[in-house]
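The structure appears right after this line, and notes come after that.
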2 protein chains.
Amino acid sequence: MELQVSGGQLKRCPVHEFAFFNELAEDIHHMLRCVESDALDYTAAETIYHAGVSAQHLYLLHDGYVKLFKTSENGKNQIIRIVRAGEIFGFDGLVDVRYNHSAVPLKEASVCRIAVVNLNALGVFRPEVERLIMARCIRELQHADERLLELGAKRSQERLAGFLLSWCEATQVNKWTPLVLSRLEIAQFLGLTIETVSRLFAQWKRDGLVVEKRQAIQILDRSKMALLANN
Amino acid sequence: MELQVSGGQLKRCPVHEFAFFNELAEDIHHMLRCVESDALDYTAAETIYHAGVSAQHLYLLHDGYVKLFKTSENGKNQIIRIVRAGEIFGFDGLVDVRYNHSAVPLKEASVCRIAVVNLNALGVFRPEVERLIMARCIRELQHADERLLELGAKRSQERLAGFLLSWCEATQVNKWTPLVLSRLEIAQFLGLTIETVSRLFAQWKRDGLVVEKRQAIQILDRSKMALLANN
DNA sequence: CGTTTCTTTGATAGGGATCAATCATGGTGG
DNA sequence: CCACCATGATTGATCCCTATCAAAGAAACG
């Protein structure tokens, strides 16, 4: 069953397949299978939702990356958060009528969405699910705190170094990490310009700190990178 | 019953007096009266909790203002959030073992704190309380998004103008708004330096945009200020 | 291949930081 | 009550980081 809905490829979604819900007890897990949910596939061009639009769904990212961003009055985009597989986004609907930011995949992304009304219909099991969501939300808040420190108190090279370190965090040494962001997106994430990001990359490549190929990056000297990130 | 505890003035606290909990149903409200909670009074010098310290309490701000801030490796402070009366802070304990930021009153502040273990002991009523906390947390997240946009995509005068507007938001025109922040604290909130903040103030005073006395401020031309904030 | 989009690189300028000194302000003790 | 000191705020001069403007180069795409 495939339907075209607001730019996403729609199909029935087995919510319980998501690692996210594995934290729940088995009976709740079972309960959740009865909840209606949709699976959607997006390409990089399609937006998942726009800021200001009616917020009716909570999203689970199954695969890929999604950028959440706000646009200022003068037209600049600030990327708020980069969602990775297994994470939730679009909390707004639980509290507010509209999304306060926009969501767009970095490349392709497959998500699962649950209507807020369905979440509310979970009955006695709802509290358990809400507790889970609350926990995720608090984690996001902590993450946002960290980013505020980055943007408010650090200079360009510290920001970029910090970003690259966290981006490559899970990758083993001497392995490539796919870099799905364009220079523009990195700049929008760090509150810098394309040129500044490009220049830092160029410098660090000359210094042998990082290497880059098509859509992948490798930090050759993490401790040196950590030095640049801190000071 | 008055005890000295970690820099705060301790006394028994009737949790149910807080507007925060008025959103709850009456029976839960009643239930909460049985929960142990402490009221604490702080002066500006005393810190409520330090980043990295064991997070065992959730705080309700009863009166005054509290700044939450992180300190970077090079010693700079970034104020993450300014808590106002009626708001909650210190979510970390619900999910994590440590606070990820520090909390210090701007001037005096009286707070009520509830131990996380007591929150968990609320039994069947806990879900209602948790839902309330989740809602507040999501609001904070939205607020953090807005601040990321400010710090990442706006210049000094836009940030300060935006800050002053939101600070004086609830005040009627031609009325004074108490400005409990020092220049340094405003700077740390906006990711600027004392000097930059001071110069903007001086300029705007010359232009007749704002007036200031001892610890209070008044925006004379809000629409003009809004113009400076946007562009 | 040619065309479009992204990236790099260079030159320049400007916003805000930094350094430094003076000026208020408030608290303290004589 | 006033002189004194400490802390915070203002103002000025200068510098540097990053944005901006501009153009060439590389990569992606039909």
Side-chain angles (χ1 to χ4, degrees), chain A residues 43-45 67 72 74-78 106-108 150-164 178-207 209-217 228-229 231, chain B residues 43-45 67 72 74-79 106-108 150-164 179-207 209-217 228-229 231:
Chain A
T43 65
K67 60 176 173 185
S72 71
N74 53 45
K76 286 185 187 171
N77 284 345
Q78 176 65 41
L106 285 183
K107 293 166 70 79
E108 308 81 27
E150 297 269 321
L151 295 188
K154 298 191 176 177
R155 25 180 97 281
S156 61
Q157 67 162 12
E158 307 175 62
R159 294 186 209 174
L160 185 57
F163 164 72
L164 289 181
L179 188 63
V180 288
L181 300 154
S182 69
R183 295 286 126 108
L184 177 61
E185 285 165 331
I186 296 174
Q188 289 175 341
F189 185 71
L190 298 176
L192 302 170
T193 58
I194 304 179
E195 293 94 327
T196 303
V197 172
S198 182
R199 271 183 251 270
L200 286 170
F201 265 105
Q203 183 63 48
W204 292 346
K205 284 180 199 168
R206 276 194 294 274
D207 297 350
L209 238 173
V210 298
V211 280
E212 201 182 14
K213 68 177 184 186
R214 315 191 299 108
Q215 287 260 19
I217 194 175
L228 290 175
N231 180 11
Chain B
T43 64
K67 61 177 173 183
S72 71
N74 52 46
K76 287 185 185 170
N77 284 345
Q78 176 66 40
I79 296 181
L106 286 182
K107 293 166 70 77
E108 308 80 27
E150 297 268 321
L151 295 188
K154 297 190 176 177
R155 22 183 95 281
S156 61
Q157 66 161 12
E158 305 175 64
R159 294 187 209 175
L160 185 57
F163 165 73
L164 289 180
L179 188 63
V180 289
L181 299 157
S182 69
R183 294 288 125 110
L184 177 61
E185 285 165 330
I186 296 174
Q188 289 175 341
F189 186 70
L190 299 176
L192 302 170
T193 59
I194 304 179
E195 293 94 326
T196 303
V197 173
S198 183
R199 273 183 251 269
L200 286 170
F201 265 106
Q203 183 62 46
W204 292 347
K205 284 179 199 168
R206 277 193 293 274
D207 297 349
L209 237 173
V210 300
V211 279
E212 200 183 14
K213 69 177 184 187
R214 317 189 296 110
Q215 286 262 18
I217 194 175
L228 290 174
N231 179 15

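For the numbers below, each heavy atom of this structure counts, side chains included, while hydrogens, waters and symmetry mates do not. Below, chain A is the first sequence line, B the second, and so on; all start at residue 1.
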Under-4.0 Å side-chain N/O to phosphate OP1/OP2 contact, B/Ser156 with C/dG16: yes
By nearest nucleotide on DNA chain D, pick out whichever of A/Thr193 and A/Gln215 is the more 5' one. A/Thr193
Nearest-nucleotide check on DNA chain D, A/Val197 vs B/Arg183; residue mapping nearer the 5' end is B/Arg183
According to a strict under-4.0 Å criterion, is B/Arg199 in side-chain N/O contact with OP1 or OP2 of D/dT11? no
Atom-to-atom span, CZ of A/Arg159 to C1' of D/dT18 - whole angstrom: 10 Å
Measure the distance from CZ on A/Arg206 to P on C/dT8 and round it to the nearest whole Å. 11 Å
Between B/Ser198 and D/dT10, is there a side-chain N or O to OP1/OP2 distance below 4.0 Å? yes
Minimum heavy-atom separation for A/Ile186 to A/Leu160, with atom names? CG2-CD1, 3.8 Å
Check the pair A/Thr196, A/Thr193 against side-chain contact (heavy atoms from CB on, under 4.5 Å), reporting the backbone distance first and the verdict last. CA-CA 5 Å; A/Thr196 303; A/Thr193 58; 3.0 Å; yes
From CD of B/Glu158 across to C1' of D/dA19 the rounded distance in Å is 14 Å
Rounded to whole Å, how long is the line connecting atom CG of A/Leu181 with atom C1' of C/dC6? 14 Å
Taking B/Glu150 first and then A/Lys76, would you say they form a salt bridge - that is, a charged N and a carboxylate O separated by under 4.0 Å? no
Would you say the side-chain atoms of A/Arg183 pair up with the backbone N or O of A/Val197, donor to acceptor, closer than 3.5 Å? no
In whole angstrom, give the distance that lies between atom CG of A/Leu151 and atom P of D/dT18. 13 Å
Can you tell me how far P of D/dG8 sits from CD1 of B/Ile194, to the nearest Å? 8 Å
Rounded to whole Å, CZ of A/Arg155 lies from P of D/dC17 at a distance of 7 Å
Find the distance A/Glu195:CD to C/dA11:P and express it as a whole number of Å. 15 Å
Looking at every non-hydrogen atom in both residues, tell me the closest pair between A/Leu151 and A/Phe189 and how far apart they are. CD2-O, 4.1 Å
Below 4.0 Å: OP1/OP2 of D/dA19 and any side-chain N or O of A/Thr196: yes
